Peer 1: 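What follows is a structure written as structure tokens; I'll ask about it next.
We count ligands from 1, going down the list as the structure has it; atoms in each ligand are counted the same way. What you see is a predicted model; the values in this text were computed from it and never measured.
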Amino acid sequence: MPKPPPRRSLVTGANRGLGLEFVHQLLARGDHVIAACRHPGRASALNQLAGQHPGRLHVLPLDVADEKSRTAFAHELPLVTEGIDLLINNAGVLHSGERWGSVSAANLEDSLRTNAMGPFLLTQALTAQLVDGATVANVSSMMSSLSGDPDFNAPSYRISKTALNMATLMLARALAPRGIAVVALCPGWVLTDMGGSGAEISATDSVSALLQVVDAVGPDRSGQFLDRFGATMPW
Ligand code: NAP
């Protein structure tokens, strides 16, 4: 079973949306949190939280899509923690309004770099800092699913999240010898900048459900795609 809270938890894309809510809830339960975001200087909510939780929240720069940034982050991380018990690969991008005939290479490439390559290569770069028995949670989406006859919308996002699911499976296999569980999680349709105002659930409810799922994940569930209630999602 994974280590019970408090843990040393790392969240990417932590400055807003689901990422910021993960940070709130992880701090509330006593974790030591490393919040990674592209522009810490502009991350006012995170910096305010850091002031309220001295020594328990570190805000570090990380662009998950950028190799140099990932490498610099991996070097900086040991300065603030000796290990990571929980890695939440949350950062993600959705390029809306894509139309067949004008889907751009730039959007597709950015989506793949951010949503699939980022989590895979960041996890690889942090392998030495993940403790044995750690949990890696990749925030995927129901839009990744190959089943269910999906409409043609947000193709770059869908393609990249489907790739993230396979990245999850590959990470699960690579890290199994160390008892590290890697899962893909579907947060539901959530009220954030990405989810929009028509979404179904609050970030608070989504994250609290996801953390219960994460807490229950052990090596037996590694390589699975789970919804926020812990049920298996169709690939
Ligand atoms: P959001 O409100 O748009 O926030 C996205 C976060 O990701 C921001 O912090 C953003 O940072 C960060 N990010 C984007 N590209 C990045 C990069 N290259 N490096 C580092 N950080 C980067 O989205 P959200 O709804 O919170 O989504 C969080 C995760 O949940 C995503 O993986 C998303 O695909 C997934 N998800 C969301 C929903 C939903 O309904 N909301 C549903 C299914 C899955 P900046 O502020 O610097 O842009």
Peer 1: Tell me, with the steps shown, if Asn15 and His39 meet side-chain hydrogen bond (donor to acceptor under 3.5 Å, both in side chains).
Peer 2: CA-CA 8 Å; Asn15 55 305; His39 306 290; over 6 Å; no
Peer 1: Can you check whether Val190 reaches Val207 side chain to side chain, under 4.5 Å on heavy atoms?
Peer 2: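 Answer no - side chains too far apart.
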Peer 1: Given a heavy-atom cut-off of 4.0 Å, could you list the residues near ligand 1 in chain and number order?
Peer 2: Gly13, Asn15, Arg16, Gly17, Leu18, Arg38, Leu62, Asp63, Val64, Ala65, Asn90, Ala91, Gly92, Thr114, Val139, Ser140, Ser141, Tyr157, Lys161, Pro187, Gly188, Trp189, Val190, Thr192, Asp193, Met194, Gly195
Peer 1: Any chance you could measure Met170, atom CE, to Thr123, atom OG1, to the nearest 0.5 Å?
Peer 2: 13.5 Å
Peer 1: Students often mix this up, so state it plainly: with edges at 30° and 60°, are the rings of His58 and His32 parallel, tilted or perpendicular?
Peer 2: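 Rings of His58 and His32: tilted, 30 to 60°.
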Peer 1: How many angstroms lie between CG in Asn153 and CG in Leu94, if you round to the nearest 0.5 Å?
Peer 2: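 Taking CG in Asn153 and CG in Leu94, the distance rounds to 8.5 Å.
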Peer 1: When rounded to the nearest 0.5 angstrom, what distance separates CZ in Phe225 from CE in Met166?
Peer 2: 13.5 Å
